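Report on the following structure.
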Amino acid sequence: MSWIREGELTIIERFCANIIKAGPMPKHVAFIMDGNRRYAQKCHVERQQGHSQGFEKLAQTLRWCLNLGIREVTVYAFSIENFKRSKEEVDGLMDLARQKFIRLLEEQESLKKHGVCIRVLGDLPLLPLDIQELIAQAVLATRNYNKCFLNVCFAYTSRHEISSAVREMAWGVEQGLLEPSDVSESLLDKCLYTNNSPDPDLLIRTSGEVRLSDFLLWQTSHSCLVFQSVLWPEYSFWNLCEAILRFQMNYSALQKARDSYMEERRRQQMERDQDYVTKKLQQEGFASHGDSRRRRTLLQTCTAMREERIQGFLQALEHKRADFFERLCPVSA
Amino acid sequence: MSGAGGLAWRALHALLRALLCLQRALLACLRGRAANGPRAWLWRRAASASCALLAPAAGAFAFRKAGAGRRRPGGAAQGRQRWRSDGRALQKLPVHMGLVVTEEEPSYADMASLVVWCMAVGISYISVYDHNGIFKRNNSRLMDEILKQQQELLGLDCSKYMVKFANQDKADQVLNCQSTLKVLSPEDGKADIVKAAQNFCQLVAQQQRTYTDLDVNVLDNLLSSTNGFPDPDLVLKFGPVDSTLGFLPWHIRLTEIISLPSHLNISYEDFFSALHHYAACEQRWGK
């Protein structure tokens, strides 16, 4: 399959993999595949070659991830900021994308066999229409597969994603599906492009740069960040193991930090709910420290009603998104 | 975890932890010795070898100038002059520096030193963060420590370097202030974005705005945690945890993140080394 290299690990690789797998393993790894152009310069080839090699390395890395039992991978393929590059380079990247998606669609059997669910995340209307159509076909064709998940961020920036999530919630309010007080961190999570994925456990950036460049800023706030100096097209199985080792060394500290953050979030939500109930009781003329059973019932009712509103809203959002892809594919997959 | 694989895993991690401890001990020893002392070259060699070996595993910024350094350069007057010229000597200085502590027990004295060095070197905006919100809860203790260190390190000429404490509502604005400080916690991160979202949705509910009005710039302007501050250019992250632990997720999209092993007993040399490293990095802005 062109997107996931065929093959198994060598004996030494398998031996080391078995040792590493004895410890906690990341379930979802994100990659910022940086360094294609520097690699091209280093090898005295065209930039386009660098990007091609970068894609080959992606296919190989996906194979390693599967061999290690890492079932979800998110990659930063093209940023909205990258549109600022020369027309030649942008067109080259779009051509590469076209090529790869067309190839992918020819490998339907292989996709089915490996159960790969492809998702493309980003502000897709910014892309050429034919690429949008190819993406829609790939996404619709694989949407029910669940053995492994590949999320490709294309025409993406994290700030656009977060703003889009807030805009969706505002749309929900405008449609009468949501109350402003329903807006919360967990609802925002569910409105992001990545709403069907858990947060990445591990974010790897290659080529030595030590910044996030507007990638998954919300989702990686408690992820293990590993910055490696190797250029992406030169990435090796050992680089991947090194990153996973770092993840393992950070595992308990990150778990602890995440748990205490979630605890604090729950506590604050509880406080907000209590305040809301107090206000309601005051409006109804009951004393705020009055009947505790009335208080409990009101709290339960409000929470249940909010849950119902949120479910309705999320369903509508799901339909809107599916609709977008289906309209791009007049012939159903 | 069982069997041979499990044992091997445990052995591997024990070895990595031991190597890390050794590296930290070597670096500490090196700092404790005079630069020209006997066998200092040996310590330097050992330290840089351990850095090279462990840099991937430790993930910490390898100190190129791991020379001996006293925490405070001799004399306030000497220090001041040196710091100002140090700042000017760098190709670029961050406008907003974030100091992020991932260690469980933050040290007020060391954080105060870092803040004062930032001011002395000429950094205009400084934010301090720990994921438990300890600094924020004990804001006044941190302020007191900063004022004390300012006196000690910058001497009588304090007035030129007054730091403005952005968290305080006090009306005593200081003239000639060159730096502003904010003390942040996780509630200034995602929770602030959610608050901005709620406010916008409230306006939509009241039909004062429509959902299509919201874009990246509008949301950016609605955030309040860092009012008046530009986005951080540089974050110095202290401690063994390889994560930002919730520090201003929206604002750090282009921030350089430089990791240092600890803020405890941090030396000016280490601090300046990190600034030097930042000055050398190249930003391509997506192009």
Side-chain angles (χ1 to χ4, degrees), chain A residues 18-23 79-85 157-160 162-163 165-174 178-181 183-185 188 209-215 217-218 220-228 242 245-250 253-254 257 260-261 264-265 268, chain B residues 1-3 5-10 12-13 16-17 20 56-57 59 102 131-132 186-187 189-191 193-194 196-202 204-205 209-216 218-220 240-247 249-250 252-259 281 283 285-287:
Chain A
N18 283 331
I19 296 180
I20 292 188
K21 276 156 86 167
S79 163
I80 294 179
E81 301 296 320
N82 294 152
F83 279 118
K84 292 193 272 192
R85 293 183 178 180
T157 66
S158 189
R159 283 194 179 182
H160 273 80
I162 297 170
S163 311
V166 175
R167 204 168 37 240
E168 300 289 18
M169 293 191 290
W171 169 77
V173 169
E174 210 165 294
L178 284 178
E179 306 271 311
S181 59
V183 170
S184 66
E185 243 179 80
L188 207 156
E209 305 296 347
V210 290
R211 51 185 180 262
L212 299 170
S213 297
D214 223 338
F215 183 57
L217 300 172
W218 178 279
T220 58
S221 62
H222 285 80
S223 306
C224 180
L225 305 179
V226 174
F227 299 109
Q228 296 178 289
E242 180 192 305
L245 274 173
R246 281 262 289 282
F247 162 80
Q248 292 180 335
M249 285 163 73
N250 277 280
L254 285 176
S260 81
Y261 181 82
E264 180 58 24
R265 193 166 103 171
Q268 284 180 4
Chain B
M1 215 200 294
S2 61
L7 269 171
W9 187 87
R10 270 193 284 263
L12 173 63
H13 277 265
L16 283 169
R17 273 195 297 271
L20 261 173
T102 67
H131 65 287
N132 291 315
E187 75 192 22
K190 287 186 180 180
I193 299 174
V194 171
Q198 275 169 346
N199 291 340
F200 184 79
C201 287
Q202 194 59 42
V204 168
R209 299 296 282 272
T210 173
Y211 78 96
T212 49
D213 288 339
L214 190 102
D215 62 17
V216 174
V218 170
L219 186 53
D220 195 35
V241 184
D242 291 319
S243 168
T244 53
L245 295 181
F247 175 69
W250 173 271
I252 57 169
R253 73 179 171 119
L254 296 174
T255 308
E256 299 291 317
I257 302 169
I258 293 182
S259 300
C281 77
Q283 281 264 13
W285 311 97
K287 289 208 268 284

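Basis for what follows: all heavy atoms, side chains included, without hydrogens, waters or symmetry-related copies. Predicted model, so just to flag it, every value in this text is computed and none were measured.
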What part of [X] lies closer than 4.5 angstrom to a heavy atom of chain B: side chain, backbone, both or neither?
X: A:S184; value: backbone
X: A:L245; value: both
X: A:L178; value: neither
X: A:F83; value: neither
X: A:N250; value: side chain
X: A:S223; value: backbone
X: A:L188; value: side chain
X: A:F215; value: neither
X: A:Q228; value: neither

Minimal non-hydrogen separation, [X] against [Y], with atom names:
X: A:A22; Y: B:W9; result: CB-CB, 3.6 Å
X: A:R246; Y: A:L225; result: NH2-O, 3.8 Å
X: B:L245; Y: A:A257; result: CD2-CB, 3.6 Å
X: B:F200; Y: B:Y211; result: CE2-CA, 4.2 Å

So which of [options] has the biggest tally of heavy-atom pairs under 4.5 Å with chain B?
options: A:S158, A:S163, A:A170; value: A:S163
options: A:K21, A:H160, A:R167; value: A:R167
options: A:R265, A:Q248, A:H222, A:E264; value: A:Q248

Proximity breakdown for [X] and chain A, heavy-atom pairs closer than 4.5 Å:
X: B:I257; value: both
X: B:T210; value: both
X: B:L254; value: both
X: B:T244; value: both
X: B:D220; value: side chain
X: B:R209; value: backbone

Review point. Are any non-hydrogen side-chain atoms of B:V204 and B:L214 less than 4.5 angstrom apart?
Key: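 No, every pair of side-chain atoms sits at 4.5 Å or beyond.
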Practice item. Look only at the side chain of B:K190 and the backbone of A:W218, and say whether a donor-acceptor pair between them is shorter than 3.5 Å. Key: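 Yes, because the side chain of B:K190 sits within donor-acceptor range (under 3.5 Å) of the backbone of A:W218.
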Exercise for review: May I ask you to decide if B:A196's main-chain N or O and B:N199's side chain share a donor-acceptor pair within less than 3.5 Å?
Suggested key: no
Review point. What option among B:V194, B:T212, B:T102 has the most heavy-atom pairs under 4.5 Å with chain A?
Key: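 The answer is B:V194.
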Exercise for review: Quick one: which of B:H131, B:E187, B:Q198 has the most heavy-atom pairs under 4.5 Å with chain A, could you say?
Suggested key: B:Q198
Rounded to the nearest 0.5 Å, how far does [atom2] of [Y] lie from [atom1] of [X]?
X: A:E179; Y: B:C201; atom1: CD; atom2: SG; answer: 11.0 Å
X: B:L7; Y: B:R10; atom1: CG; atom2: CZ; answer: 5.5 Å
X: A:R159; Y: B:I193; atom1: CZ; atom2: CD1; answer: 9.0 Å

Point to revise | Residues that B:R253 engages under salt bridge (charged side-chain N to carboxylate O under 4.0 Å, His left out), provided they are two or more places apart | key: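 Partners of B:R253 by the salt bridge (charged side-chain N to carboxylate O under 4.0 Å, His left out) criterion, ordered by chain and then number, come out as A:D214.
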Point to revise | Partner residues of B:A205 under the side-chain contact (heavy atoms from CB on, under 4.5 Å) criterion, sequence neighbours left out | key: A:V173, A:P180
